[in-house]
Structures are given as structure tokens and as C-alpha cells.
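One structure is given here, and the rest of the page talks about it.
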Amino acid sequence: MTAFKTLSAPVAPGGTIGILGGGQLGRMLAMAAARLGLRTHIYSDTEKAPAFQVSAGRSLAAYDDEAALAEFARACDAVTFEFENVPGQTAAFLAGLVPVNPGPRALAISQERYEEKRFVAGLGLKTAPFAAIDSRDDIAKAIKAIGCPAVLKTRRMGYDGKGQATIRNAKEAMEAFDRFQGVPLILEGFVDFAFEASVIAARGLDGSFAAYDPPGNEHENHILRRSTVPCALSESQCADAKGIARAIGEAFGYVGVFTVELFVARDGALLVNEIAPRVHNSGHWTLEACMVSQFEQHMRAVAGWPLGDPARHSNAVMENILGAEAHDWLRLAQNGSALHLYGKGEARPGRKMGHLTRLRPLTKD
Ligand SMILES: Nc1ncnc2c1ncn2[C@@H]1O[C@H](COP(=O)(O)OP(=O)(O)O)[C@@H](O)[C@H]1O
Ligand SMILES: [Mg+2]
């Protein structure tokens, strides 16, 4: 195996950070980098990638095009990514040429739901009960151990609830198994949670750690609708949530921003749902409510800079603008919230087109 490049000195202003992926997260990362005097170079396989609009450097090529990847690596002082489904080989190839953070191991584990749950459980953290499903025979055994209702999920490539089915009995599980056509699956016990929360945290090159206050997250049709800070977690639960993120970050030897999605059980227990090795939709409010946003924090970390202060100076509610709601941009622009539109063309149903953040004075609760 070729050795992975590591960052030996901070990337100075004027240097270039490469970002694999060109969606809204890449776009907001590029804008945050610009504030620090860092340039960005976006690599995407999609011509209309929203991040291309705000980045001077761009590569339009497939994620397995090694010639294009090598050219991209030469143009960058450090590389990161904005989506977790970057092919493992792409990350490993790049990491042999240029410092890539987060590293290929964190990426590999968080891409695969079963590996991810095993990793989290191995750290002594709580999750829903889970089992790997590779064949129809595994289903009966898993249901016996886990019970119903349960959620059957593809181990790879799921997002916004895609690639999952809630099942009430073995028959429904078999039907869902057949629909997923033989891809590796995981069965998880259905968590009757009180609410969902997340921790957006960062680890610096020097091992320093910073976490934002956890937002509470409401989903509609499995898509995030709203994130609110503060959420209903107590002060000690917030500390525990940040502790969970810290344990995960250290175990990965992580550099950059990452997110831990949590289920808050009715008895107050915090269960890890999944890890996103990147900035997160539930952290967009940090752009207005914190001195250093999740996007700037990530750029600081992957450029080897000191982490910024994650303290929140305001309370905030962030709401996504989904699909055709974006057609109402003129009205949305008048409502007194901070408006973000991602520069996407077609407003397909459920597509994340932008978001709004409303600030409130900080309250102690
Ligand atoms: N085991 C579970 N029990 C209850 N709800 C779940 C479970 N797994 C997923 N969900 C619901 O579906 C949403 C999306 O699932 P998640 O595993 O986070 O996948 P992704 O965000 O990658 O689509 C969660 O935020 C939660 O609302
Ligand atoms: Mg999720």
C-alpha cells in the first residue's frame, strides 16, 4: 500500500483546498474558505454542480478518472470531500498524492451502515439493535433477535431515507428484501424515539476538539425539515452528546467536521443513528448563530489551521426549502430570515433547494 500524504504545515492564505463533490455543501464550504483567503477547487462529475458557481478551480470528470484526479491533486494543497459516497478507491488514490482529510478509514466505515454500527458499538456507545442481512435466511433469525417493527436498510448509498423500509413482520421483511435485489442489508430495531438530535463536531490536525450545541431535528418523509437550537436535551445530555462525538472522532483519528445523528430515547438515552463524515444539513444554522460556522470550521481543520470557537451567540431555527417551495423565493426573501439558495436548476420534489435561518436572542434553557 502506498503511504498516504499528511499535511506537514498549515495551508497558508492563497493556497488551494480541493473539494470532491459539487453540491450545496461544497458550495458553502467554498464560500467559507474564501472568507479565510483560501482558494477552492471543486471536483464533480455533474456539469451543473452548484459549487462550480462559486469556485475558481474546477474539474468536471468522473470520480474514477485517475488522470483527472491526478491533475486535481496537483492543483491542490489539501483535499476534502462534501459527500460520503466518494468511492473508496478515489479517496485512496488521491491520498497517495495529496493530504486528504477526513482519511479513507473514516470514509470507509461511515459509508457502510453495518461496519459503522459495529464500530460505534465497539466503542461502548448505544445504538438500535442491529444485524447484517445477506440472505433470506438471515431475516427470520434477525427478527427473532431484534423484534418488530424494524427498519431494513441498504448498507451502502442511502440518503434522505432512500434505501430503507420499515417492516412490521417477517412477510414484509421478505418483500422488502426482494425489492432490494440482493444488495447487502442491515436490519435495525425501530426506535420509538422522543426526538432526533445531532452533534456537529470538529477535530483539528493537532487533536483539538470542538462541538456545536446539538440541534433537535424534525424530518418529513425522511427528509430534514427543521433544526432547532437549543433543543430539548438537558445540559448534561448535551455534554454526553458531545462526549459521544469526541469518542468517535478520537477513534477515527479524524481531521475535519463530522456529524453524529442521535435518537433521543423516551428514557433519555442517546442512541447513535449514523455518522456523517462531513458538514451536515442540521448544522446550517451555525452560519448565522456562531462566530465560526461548520463550513469554516471544516476548512480550518483540513487546512491545518486552529479550530474556531463553536459557541452559539443566538438561538436559531433552520428550515429547508424543498422542491417547488423555492419558486416562492421572492416571498421567502421578504420574511426577515437569512435566506440561502443553492443555485440549483430544477426544483424536483423533495430536492434541497435552499434554507432559511431565523435567529432569536440567546436564552438559558
Ligand atoms: N432504526 C430506526 N428507528 C426509527 N427511525 C429510524 C430508524 N432508522 C431511521 N429512522 C428514521 O429515518 C431517518 C433517516 O434514516 P438514516 O438512517 O439517518 O438514513 P439517511 O439519513 O442516510 O437516509 C432517520 O433520521 C429517522 O427519522
Ligand atoms: Mg440520517
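Order of appearance sets the numbers: ligands from 1, and atoms from 1 within every ligand. Position 1 is the first residue of the sequence, and the numbers go up from there.
Ranking the protein heavy atoms by distance from atom 24 (C) of ligand 1 puts Glu196 OE1, 3.3 Å first. Distance from atom 23 (O) of ligand 1 to its nearest protein heavy atom, with residue and atom name: Gly161 N, 2.5 Å. When only non-hydrogen protein atoms are considered, atom 13 (C) of ligand 1 lies nearest to His222 ND1, 3.9 Å. Remark: minimum distance from atom 15 (O) of ligand 1 to any protein heavy atom is reached at Gln164 NE2, 3.1 Å. Here the protein heavy atom with the shortest distance to atom 20 (P) of ligand 1 is Glu274 OE2, 3.3 Å. Lys153 NZ, 3.4 Å is the protein heavy atom nearest to atom 9 (C) of ligand 1.
Within a 6.0 Å radius of NZ in Lys5, other residues, nucleotides and ligands contribute 12 heavy atoms or fewer.
Taking a cut-off of under 4.0 Å to the non-hydrogen atoms of Glu188, the atoms of ligand 1 that pass are 1 (N), 8 (N). Listed by number with element, the atoms of ligand 1 under 4.0 Å from a non-hydrogen atom of His219 are 25 (O). Near Val151, with a cut-off below 4.0 Å to any heavy atom, the atoms of ligand 1 are 1 (N), 2 (C), 7 (C). For ligand 1, the atoms closer than 4.0 angstrom to any heavy atom of Glu261 are 18 (O).
For the residues Phe130, Phe193, Phe263, the heavy atom positioned nearest atom 7 (C) of ligand 1 is part of Phe263. The residue from Gly158, Gly189, Ala128 that puts a heavy atom closest to atom 1 (N) of ligand 1 is Gly189.
Nearest N/O/S atom of Glu274 with respect to the Mg ion (ligand 2) is recorded as OE2. Taking the Mg ion (ligand 2) as reference, the nearest N/O/S atom within Glu261 carries the name OE1.
Rounded to the nearest 0.5 angstrom, Lys242 NZ and Ile244 CD1 are separated by 12.5 Å. Expressed to the nearest 0.5 Å, how far CD of Gln53 lies from CE of Met31 amounts to 10.5 Å.
Proximity of Val191 to ligand 1, defined as any heavy-atom pair under 4.0 Å, is shared by backbone and side chain alike. Contacts between Asn273 and ligand 1, counted as non-hydrogen atom pairs separated by less than 4.0 Å, involve the side chain only.
No hydrogens or angles considered: a donor-acceptor pair under 3.5 Å links the side chains of Asp206 and Ser208. Between the side chains of Asn217 and Ser227, a donor-acceptor pair is found at a separation under 3.5 Å.
Grouping the Ile, Leu, Val, Met, Phe, Trp and Tyr side chains by contacts below 4.5 angstrom, directly or via other members, places Val120 apart from Val191.
Judged by the 6.0 Å distance and 45° axis criteria, Arg155 is positioned over the aromatic ring of Tyr114. Because its NZ or CZ atom is both nearer than 6.0 Å to the ring centre of Phe52 and within 45° of the ring axis, Arg58 counts as a cation-pi partner of that residue.
Using cut-offs of 30° and 60° for the angle between ring planes, the His340 and His355 rings count as parallel.
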TODO: Give the C-alpha distance, both sets of side-chain angles, the deciding distance and a yes or no for side-chain contact (heavy atoms from CB on, under 4.5 Å) between Leu270 and Lys126.
DONE: CA-CA 7 Å; Leu270 303 177; Lys126 291 188 185 127; over 6 Å; no
